[in-house]
Amino acid sequence: MITPERLSDLHKDILKEIGNIGAGHAATALSGLVNKAIDMHVPSVKLARFHEVTDLVGGEETVVAATFLRVTGDAPGNMFFILTIDEAVSYLKDLTGDNRIDEESILACDMTRSALQETGNILAGSYLSSFSDFTGLHLSPSVPHLTVDMAGAILSAGLVEMSQVSDYAIIIDTQLKESEGERTGIDGHFLLLPDPDSFEKIFYSLGVPLDE
């Protein structure tokens, strides 16, 4: 088993390239959903202590709408598509054309919750498809689950597997933003957290030695 602390710069570059490829497909899928050009920002691969992971999305107490998916198959892990509440409201207005949507809608309306879940499902499917093409690994997303809560509570659940072997997590973080005009709600974080055993399988599939 390889833990995050053992990853070399080469390993991180490979994970970053995987993130780039997956994010490109996810950005294309999101552009189609909202009928706007969406850019991906170059994914970052971070080795972070668990309490630092939440800083990526504004801190432990930031309330977010997160779509969680369990990745199953040859290299399991967890995947999150995270929007702050303001970003989620703005995104849903863009997606549905309904300007009455507000924070309460995200919590109480089945339609808006389904829209966010389906968005996470489409993005994850696009991301994992390109990931599979690149590595030759079979990967599938679970049924998406939407949670609205503080970022600390949501992300800690995704770190359970990793916490059994390490104090750190390796995070492939991708930002998706609208490419032009004023800032809108499409400013999401797409996080991929491979399980500890998955690193070895990913690098093995690409012919990269673990001790590089």
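Note that this is a predicted model, so its numbers are computed, not measured.
T67 is not listed as a side-chain neighbour of M79, based on a closest heavy-atom distance of 4.5 Å or more. Residues T119 and Y91 are in side-chain contact: their nearest non-hydrogen atoms beyond the backbone lie under 4.5 Å apart. The side-chain heavy atoms of E103 and V63, taken from C-beta on, include no pair separated by under 4.5 Å. Using a 4.5 Å cut-off on side-chain heavy atoms (C-beta onward), E87 and S90 make no contact. Residues L191 and L155 meet the side-chain proximity criterion, which asks for heavy atoms closer than 4.5 Å. A 4.5 Å side-chain heavy-atom check between N20 and K16 finds at least one atom pair inside the cut-off.
The hydrophobic cluster containing L10 also contains L206, counting ILVMFWY residues as joined when their side-chain heavy atoms lie under 4.5 angstrom apart, directly or transitively.
The ring-ring contact (aromatic ring centres under 6.0 Å, His included) check on F68 picks up F80, with sequence neighbours excluded.
Looking at D195 and R70, a side-chain N of the basic residue comes within less than 4.0 Å of a carboxylate O on the acidic one, giving a salt bridge.
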| task | Would you please test L192 and F131 for side chain to side chain contact (heavy atoms under 4.5 Å, CB included) and show each step? | result | CA-CA 11 Å; L192 176 61; F131 194 154; 3.6 Å; yes
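A donor-acceptor pair under 3.5 Å links the side-chain atoms of S126 to the main chain of I122, judged by distance alone. One N or O on the side chain of T72 and one on the backbone of S140 form a donor-acceptor pair closer than 3.5 Å. Using modelled atom types, no side-chain atom of N78 and backbone atom of L193 make a donor-acceptor pair closer than 3.5 Å.
For G59 against A151, the heavy-atom pair with the smallest separation is O-CB, 3.5 Å. In terms of heavy-atom proximity, A115 sits nearest to L92 at CB-CD2, 3.7 Å. Across S105 and T112, no two heavy atoms sit closer than the pair O-OG1, 2.7 Å. Among all heavy-atom pairs drawn from L123 and A29, the shortest one is CD2-CB, 4.3 Å. Considering all non-hydrogen atoms of both residues, S130 and H25 come closest at CB-CD2, 3.5 Å. Minimum interatomic distance between L116 and A88 (heavy atoms only, all atoms of both residues): CD1-CB, 4.5 Å.
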